[in-house]
Amino acid sequence: LVVTTPLCMIAHSGNDSGNKQVYLANTPATKRYQIEVASFQKLKTDLTELVHKRQRLDTTRNENQMVMEELKIQGDDVVIYKKCGPVLVTQEMEEARSDVGNRLRIINNELKKLDVQIKNVEKKITDKETKVMKLQQQLVTVPAVGKS
């Protein structure tokens with residue numbers, strides 16, 4: 001089932017000559033349907049953005065976990081350098097471990113927030129999809145002007 005704007009075109013297969021196109025007038029129901037479809041598409045875009053953001057954060061977390069594992073392997077007498085702008089500055093091992101640990105804690109909290117946001121958007125998408133399908137059914141049952 002395909003719907004386009006501004007005249008709502010619903011394509012479906014007909015019995016006589018294969019595909020038949022039915023054009024619905026620009027009614028309030030059609031407008032409401034178009035608004036709901038646009039809202040549904042916006043939610044899908046939002047979900048995609050959230051998933052990409054989560055993937056980037058997950059990559060950053062993995063990198064920081066690798067750094068933390070390396071710091072745990074090293075002894076306390078190892079010299080650690082921290083990049084501050086264009087300069088490398090020495091840093092104490094405990095301070096480096098603490099910094100990376102804090103960074104991991106912040107990243108994990110952000111990931112939890114993103115997971116909640118993703119779950120909420122997925123629920124909204126499911127609800128919106130149901131609403132769009134109901135409106136679509138209503139549009140199909142509305143008398144239409146046929147064009148061949």
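Treat the numbers as computed from the prediction; the structure is a model and nothing was measured.
- At a cut-off of 3.5 Å, with distance as the only test, a side-chain donor of Asn102 or Arg105 sits close to an acceptor on the other residue.
- Ile125 and Ile118 end up in the same hydrophobic cluster when Ile, Leu, Val, Met, Phe, Trp and Tyr side chains are linked at under 4.5 Å.
- The pair Lys123-Asp127 counts as a salt bridge, with a side-chain nitrogen and a carboxylate oxygen less than 4.0 angstrom apart.
- In this structure, a donor-acceptor pair under 3.5 Å is present between the side chains of Tyr33 and Gln136.
- Side-chain contact between Met93 and Val78: present, with at least one pair of heavy atoms (C-beta onward) separated by less than 4.5 Å.
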Subject >> Criterion side-chain contact (heavy atoms from CB on, under 4.5 Å) on Thr90 and Ile80, from CA distance to verdict >> reply: CA-CA 6 Å; Thr90 59; Ile80 303 290; over 6 Å; no

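- Note on residues 65-77: pairs passing side chain to side chain donor-acceptor pair (under 3.5 Å), not counting sequence neighbours, are Asp76-Arg97.
- Considering every non-hydrogen atom in both Met68 and Gly101, the closest pair reads CE-N, 3.3 Å.
- Remark: Glu122 CD is packed, more than 12 non-hydrogen atoms of other residues, nucleotides or ligands lying under 6.0 Å away.
- Here the straight-line distance linking atom CG of Asn64 with atom CG of Leu57 works out to 10.5 Å at 0.5 Å rounding.
- When all heavy atoms of Asp99 and Lys82 are compared, the closest pair comes out as OD2-NZ, 3.5 Å.
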Subject >> CA sep, side-chain torsions, deciding dist, call: Met133, Glu36, side-chain contact (heavy atoms from CB on, under 4.5 Å) >> reply: CA-CA 10 Å; Met133 290 175 79; Glu36 292 298 329; over 6 Å; no

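- Separating the CG atom in Leu135 from the OG1 atom in Thr130 is a distance of 11.0 Å, to the nearest 0.5 Å.
- Linking ILVMFWY residues whenever their side-chain heavy atoms come closer than 4.5 Å, directly or via other members, places Ile107 and Leu114 in the same cluster.
- Taken to the nearest 0.5 Å, the NE2 atom of His52 stands 9.5 Å off from the CG atom of Leu47.
- In the hydrophobic clustering of this structure, Val121 groups with Leu111; members are Ile, Leu, Val, Met, Phe, Trp, Tyr whose side-chain heavy atoms approach within less than 4.5 Å, directly or through other members.
- Within a 6.0 Å sphere centred on NZ of Lys124, other residues, nucleotides and ligands contribute 12 heavy atoms or fewer.
- Here Arg61 pairs with Asp58 in a salt bridge; the nearest charged N to carboxylate O distance falls below 4.0 Å.
- Once rounded to the nearest 0.5 Å, the distance linking OG of Ser98 with CD of Gln91 reads 9.0 Å.
- In the model, Thr30 has a side-chain atom that pairs as donor or acceptor with a side-chain atom of Thr27 under 3.5 Å.
- Residue Glu94 holds its CD atom at 9.5 Å from CG of Leu71, rounded to the nearest 0.5 Å.
- Lys42 has a carboxylate O that lies under 4.0 Å from a charged side-chain N of Asp46, or vice versa, which qualifies the two as a salt bridge.
- Linking ILVMFWY side-chain heavy atoms closer than 4.5 Å, directly or via other members, places Phe40 and Val51 in a single hydrophobic cluster.
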